[in-house]
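Okay, so here's the structure we're looking at.
Worth saying up front: this structure is predicted, and the values here are computed from it rather than measured. In what follows, chains are A, B, ... by sequence order, proteins preceding strands, each numbered from 1.
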Amino acid sequence: MSDRLTVAKTYKLYIGGKFPRSESGRSYPVTDSKGTFLANAAQGSRKDARDAVSAARKAFGGWSGTTAYNRGQVLYRVAEVLEGRREQFITEVATSEGVALKKAQSLVDTAIDRWVWYAGWTDKIAAVLGSSNPVAGPYFSFSTPEPTGVVAVLAPQQSSLLGLISVIAPVIASGNTCVVITSQDRPLPAITLSEVLATSDVPGGVVNIITGRTAEIAPWLASHGDVNALDLTGAPESIRADLERSAAGTVKRVLRNKVNEDFTATPDMSRLRAFLETKTVWHPMGV
Amino acid sequence: MWEYAPAPESRDIANLKPAYKMFVDGKFVEGTGEPLKTINPATEEVLAEVSTASESDVDTAVKAARKAYDRVWSKMPGSERAKYIYRIARQIQERGRELAVLESLDNGKPIKESRDTDIPTAASHFFYHAGWADKLGYAGYGPDPKPLGVAGQVIPWNFPLLMAAWKIAPALACGNTVVLKPAETTPLTALVLADIIQQCDLPPGVVNIIPGAGDVGAALVGHADVNKVAFTGSTDVGKVIQGQLAGTNKKLTLELGGKAANIVFDDAPLDQAVEGIVNGIFFNQGHVCCAGSRLLVQESIADELIEKLHARVSTLRVGDPLDKNTDVGAINSREQLTKIQELTASGEAEGATRWTSSCPLPDKGFFFAPTVFSGVSQAMRIAREEIFGPVLSVLTFRTPEEAVAKANNTPYGLSAGIWTEKGSRILWMAQRMRAGVVWSNTFNRFDPTAPFGGYQESGFGREGGRTGLEAYLDV
């Protein structure tokens, strides 16, 4: 080890492919599990959330319109870049979550593999969830799954990387775009993930990442008219019902998964299904 | 010209009884709520008195459904459940004519629609879902997906028996038990369905049917022992229910309002398109959540199309729902008629051009002559709000991109129509419609194998097909 002074990173938000500070000018100290100062994270505001929704909406047409093969390759590319940053993530997860390096290593490896798992789903969702409908008449009828739109994701509070990836990847694999509020006290791996996304081929605005107080920002997303769905996974218990009530104002799809979901377990399709619509198309048959 | 000769179906076929009771725990019992009088909207005469549920009756019904779920239905092999559901399908077919006449009496819809659409499709929903009951492991939700428990279901007045079938059939197939509340103005066919269910020997409590108004629905969806809520109705009420269920573990599906665009391109076969437009908005008096209520016409053919449309709509016969010649029946209630009148008045006040068919209307009952507004702009209420009546708003567009933008310019997203001879354009347009059902060169087609449901504020969850089973499974 040299005595060289390290270059400390400024942790910022990730909105529309850029790294702005919070419009509010606020930041908050992030510590490790023992209370030692790590960095200041941007404390996102209502305005940041709205900017992120605009960016996500702007990106939706392009991202949902890409071919499933292309989306699969873009997501696989993210896994490649994640792998290259493996050591950095292990250190960050160990520090953020207060787990031993060996445990952190396993969490990071699972997270990268999880991303690969979802990358492989992009061009299989339609075959597995779609259908050709044998209707009783001279019509061709088929149903295809389509992305719901802009999804507000409240990332898990405990699992700073594996949990985060487990909630983002299924949302974007099917063509949705999202605004993510990170773990409030463990936000640093999320910022590093945003650097990975920015240097893979994920178009700006597909994933937008906001750090700050979940309970402060989430209500604005829950009531936002241009947000189509809400993932409550990381919502504090005390505000979950209120967020659902707000979401009802625009008939949002709400995923109510458990607060302490075990992200080390192998997932099923439920997170993919939660943010999909089914479109049924009919056409007459005849000569 | 031929002299017009009415061909009325006999109302005796409906086996109308002076009083109907609610159906709880396998028995017809007197409800302790204030009885309601259901009327024939075509004549305003009282058809029957119907007992309604009080809050304690709701509790009794939910308890019966819970007991039936715990002791019988959840333990029964799927193959046995299937046979019960097949029985229901067959009995609906056997009593199809009775149900059709009763539906037209209570709802006001033309007999040709209740006879050819509502009742047969209700039977087909039971028949289709019966087959799923012992094949759920193949539905893509894991090897042994479990039911949710007791389903509380609230349905609207526009397709009374059909909506009951859409709700009950998948619930039973997946192994749930049911408490269903039919609409206040159209409870009769649901209670005949209860009679069918009783004759099919379904175990008591598996299906309970409790008439009443909105307060009964609210008590049902709010009941602590209900595991699943399914609602079809207005977006306003849907939002209230979603809010009411916040913080609970109840699974919810909503099928709500719509303001569908029916898009006609300049290369469309116009005569065929006119038939589709007429079917899209005047079917069931326009009391259809997926009605094609916004006609988007390419500007170059707008005048020609509107002229053809006026000529065709003028031939629609409005009147006695039991007359087999009737195309447009009665508006379901005075309340709905008032709402249609209010919204059409706003169309005139906001500057749209109103054309109304000069067809004769009956002297009594609730009727509204087919109406077409042209020169409609997107900001007008008749372009934004669901009228739920025989009123069409015509807007124009120049390019496909503009058609897409205008079609999607709504908080709803239930259905859309596309009329063009060009196949690639159909698929391009269909892909861009933010709507759950896209009818191309056709409109208002329904089938139990084809998932139906909305995007955005038209609700969530699907009914029909493999996709529709998810709403009634714990997955």
Note: A:T280 and B:A450 closest approach over all heavy atoms is CG2-CB, 4.0 Å
query: Does the side chain of A:S270 come within less than 4.5 Å of B:V475's, by heavy atoms?
result: no
Max heavy-atom pairs within cutoff under 4.5 Å with chain A, candidates B:G464, B:A430, B:P448, B:S458, goes to B:A430
Pair count under 4.5 Å, heavy atoms only, with chain A: among B:G461, B:G453, B:G436, B:G140, highest is B:G436
Taking a cut-off of under 4.5 angstrom between non-hydrogen atoms, the residues of residues 240-258 of chain B near chain A are B:Q242, B:G243, B:L245, B:A246, B:G247, B:T248, B:N249, B:K250, B:K251, B:L254, B:L256
Exactly one of B:T467, B:T449, B:D447 clears side-chain contact (heavy atoms from CB on, under 4.5 Å) with A:N133, and that residue is B:T449
Okay, B:I418 and chain A: the region with an atom under 4.5 Å from a heavy atom over there is neither
Exercise. Mind checking whether B:Y455 and A:E146 have side chains closer than 4.5 Å, heavy atoms only?
Worked result: yes
Bottom line for B:A416: the part with an atom under 4.5 Å from chain A's heavy atoms is neither
Honestly, the part of B:P411 sitting under 4.5 Å from a heavy atom of chain A is neither
Hits for side-chain contact (heavy atoms from CB on, under 4.5 Å) against B:T442, two or more places apart or cross-chain, chain-then-number order -> A:Y139, A:W282, A:P284, B:W439, B:R445
Turns out that what part of B:Y128 lies under 4.5 Å from chain A's heavy atoms comes down to neither
Note: vs chain B, highest number of non-hydrogen pairs under 4.5 angstrom among A:A136, A:S141, A:S246 is A:A136
Contact list (residues 56-78 of chain A to chain B, heavy-atom gap under 4.5 Å, by number) returns A:F60
Those residues at least two apart in sequence (or on a different chain) that pass salt bridge (charged side-chain N to carboxylate O under 4.0 Å, His left out) with A:E277 are A:R253, B:R462
In short, A:K279 meets B:R432 closest at the heavy-atom pair NZ-N, 4.2 Å
